[in-house]
Amino acid sequence: MGLFITFEGIEGCGKSTQVRLLSEVLNGKGIPYIVTREPGGTSIGAKIREILLNPDHKGMAPEAELLLYAADRAQHVRELIRPALNEGRVVVCDRFTDATVAYQGFGRKLNESLINKLIEIASLGIKPDLTILLDCPVEIGIGRAMERNSKNRHVRDDRFEQEAMEFHEMVRSGYLAIAEAEHERVKKVDATKNIQSMHSEIWGIVDAFLRNHRS
Ligand code: TMP
């Protein structure tokens, strides 16, 4: 069985950059791995991602949103994550079930037992072995996300980036609550630091984890 590592955090926390840097190290060390993301880790998921993030879809019901994330995950786990874990690979995933708890649970305030039930069905009970939570104040994360989009004329702020600051505060508090409840699995990294020092800290955590868990 492989190892399942997820990255989480609010918008603009720097996850994607850190996922890329980690994958370069894994590649250099010859460790068998895949990098993927939610939503959008499969070709079916890419279509679901477009529906979820499209800023024109402002009227999406929270329940429809929750079910679309579950549909994306159901496909992703069966098509990509479970097979890769069965082959003994390290799976690095940019967001997974903690995002549903933080965004749809703490952010949208959807019913907790409904969320947990859908997570169970979609993920087949597969849980991350290690989660890196990149934590920073909402103003910093959203500021970075806006700056990134404004540099690229073709990119509009997505449906989530357009949410009010209070929404992002609730999402952050959700992530911090998960980290506190599951401190063995979830390692919090200060995402106000520069890219390289974050990467060194993350590699330190992942390296120790792989040494302990890979046979
Ligand atoms: P990304 O910006 O990391 O690519 O993620 C896309 C958006 O999807 C981000 O705003 C967080 C949101 N999201 C949820 O609301 N629930 C989920 O279960 C997942 C996986 C992502």
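Basis for what follows: all heavy atoms, side chains included, without hydrogens, waters or symmetry-related copies. In listed order, ligands and their atoms are each counted from 1.
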K.L.:
With nothing but distance in play, are any N or O atoms of Arg37 less than 3.5 Å from an N or O of ligand 1?
P.N.:
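Looking only at distances, the answer is no, because the N/O contact criterion of under 3.5 Å is not met.
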K.L.:
Applying salt bridge (Lys or Arg N to Asp or Glu O under 4.0 Å), run through Lys58 and Glu163 and close with a yes or a no.
P.N.:
CA-CA 10 Å; Lys58 287 195 184 8; Glu163 284 289 340; over 6 Å; no
K.L.:
Students should be able to answer this: which protein heavy-atom is nearest to atom 7 (C) of ligand 1, and at what distance?
P.N.:
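Ranking protein heavy atoms by distance from atom 7 (C) of ligand 1, first comes Leu53 CD2, 3.7 Å.
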K.L.:
Quick check: Thr100 and ligand 1, any N/O pair under 3.5 Å apart?
P.N.:
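Min N/O separation from ligand 1 is below 3.5 Å for Thr100.
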K.L.:
Could you identify the single nearest non-hydrogen protein atom to atom 5 (O) of ligand 1 and state the distance to 0.1 Å?
P.N.:
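Heavy-atom neighbour on the protein nearest atom 5 (O) of ligand 1: Arg95 NE, 3.1 Å.
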K.L.:
Show me the donor-acceptor pairs, under 3.5 Å and distance only, between side chains in residues 197-205 and residues at least two apart or in other chains.
P.N.:
unit_1: Ser197; atom_1: OG; unit_2: Asn194; atom_2: O; d: 3.4
unit_1: Ser197; atom_1: OG; unit_2: Asn194; atom_2: OD1; d: 2.9
unit_1: Ser200; atom_1: OG; unit_2: Gln196; atom_2: O; d: 3.1
unit_1: Glu201; atom_1: OE1; unit_2: Lys193; atom_2: NZ; d: 2.5

K.L.:
Under 4.0 Å between a side-chain nitrogen and a carboxylate oxygen: does that hold for Arg185 and Glu182?
P.N.:
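Glu182 and Arg185: salt-bridged.
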K.L.:
Could you list the atoms of ligand 1 found under 4.0 angstrom from a heavy atom of Lys15?
P.N.:
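In order of number, 3 (O).
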K.L.:
Are the charged groups of Arg73 and Glu38 less than 4.0 angstrom apart, N to O?
P.N.:
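Looking at Arg73 and Glu38, the cut-off is met.
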K.L.:
Would you mind running through ligand 1 and noting each atom that sits below 4.0 Å from a heavy atom of Arg73?
P.N.:
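Per the distance check, 18 (O), 20 (C).
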K.L.:
Would you say the rings of Phe96 and Phe4 are close, in the sense that their centroids are separated by under 6.0 Å?
P.N.:
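For Phe4 and Phe96, the ring centres are under 6.0 Å apart.
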K.L.:
For atom 4 (O) of ligand 1, what's the nearest protein heavy atom and its distance?
P.N.:
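That would be Arg49 NH2, 2.8 Å.
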K.L.:
For ligand 1, indicate whether the residue Asp72 contacts it via side chain, backbone, both or neither (heavy-atom separation under 4.0 Å).
P.N.:
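Contact part for Asp72 vs ligand 1: neither.
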K.L.:
Test of understanding: given a 4.0 Å heavy-atom threshold, classify the contact between Glu11 and ligand 1 as side chain, backbone, both, or neither.
P.N.:
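Answer for Glu11: side chain.
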K.L.:
For Thr6 and Thr131, which I'm curious about, is there any donor-acceptor pair between the side chains at under 3.5 Å?
P.N.:
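Their side chains do contain a donor-acceptor pair, which is all the 3.5 Å distance test asks for.
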K.L.:
Under 4.0 Å from any heavy atom of Phe160, which atoms of ligand 1 are there?
P.N.:
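Reading through ligand 1 atom by atom, the close ones are 10 (O), 15 (O).
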K.L.:
Please enumerate all residues that pass salt bridge (charged side-chain N to carboxylate O under 4.0 Å, His left out) together with Asp129, with sequence neighbours excluded.
P.N.:
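With neighbours one apart ignored, the set is empty.
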K.L.:
How close do Asp157 and Glu161 get, counting heavy atoms only, and between which atoms?
P.N.:
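Smallest heavy-atom distance, with atoms named: CA-OE1, 3.4 Å.
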K.L.:
Report the nearest protein non-hydrogen atom to atom 8 (O) of ligand 1: residue, atom name, distance rounded to 0.1 Å.
P.N.:
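Checked against all protein heavy atoms, atom 8 (O) of ligand 1 sits closest to Tyr69 OH, 2.8 Å.
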K.L.:
Flag Glu38 as yes when one of its N or O atoms lies below 3.5 Å from any N or O atom of ligand 1, and as no otherwise.
P.N.:
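No, there is no polar N/O contact under 3.5 Å.
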K.L.:
Within less than 4.0 angstrom of ligand 1, does Leu52 place any heavy atom?
P.N.:
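Checking ligand 1 against Leu52, which is what was asked, there is no heavy-atom contact under 4.0 Å.
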K.L.:
Look only at the side chain of His57 and the backbone of Ile51, and say whether a donor-acceptor pair between them is shorter than 3.5 Å.
P.N.:
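Answer holds: yes.
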K.L.:
If the cut-off is 4.0 Å to any non-hydrogen atom of Gln104, which atoms of ligand 1 fall inside it?
P.N.:
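Listed by number with element, the hits are 14 (C), 15 (O), 16 (N), 17 (C), 18 (O).
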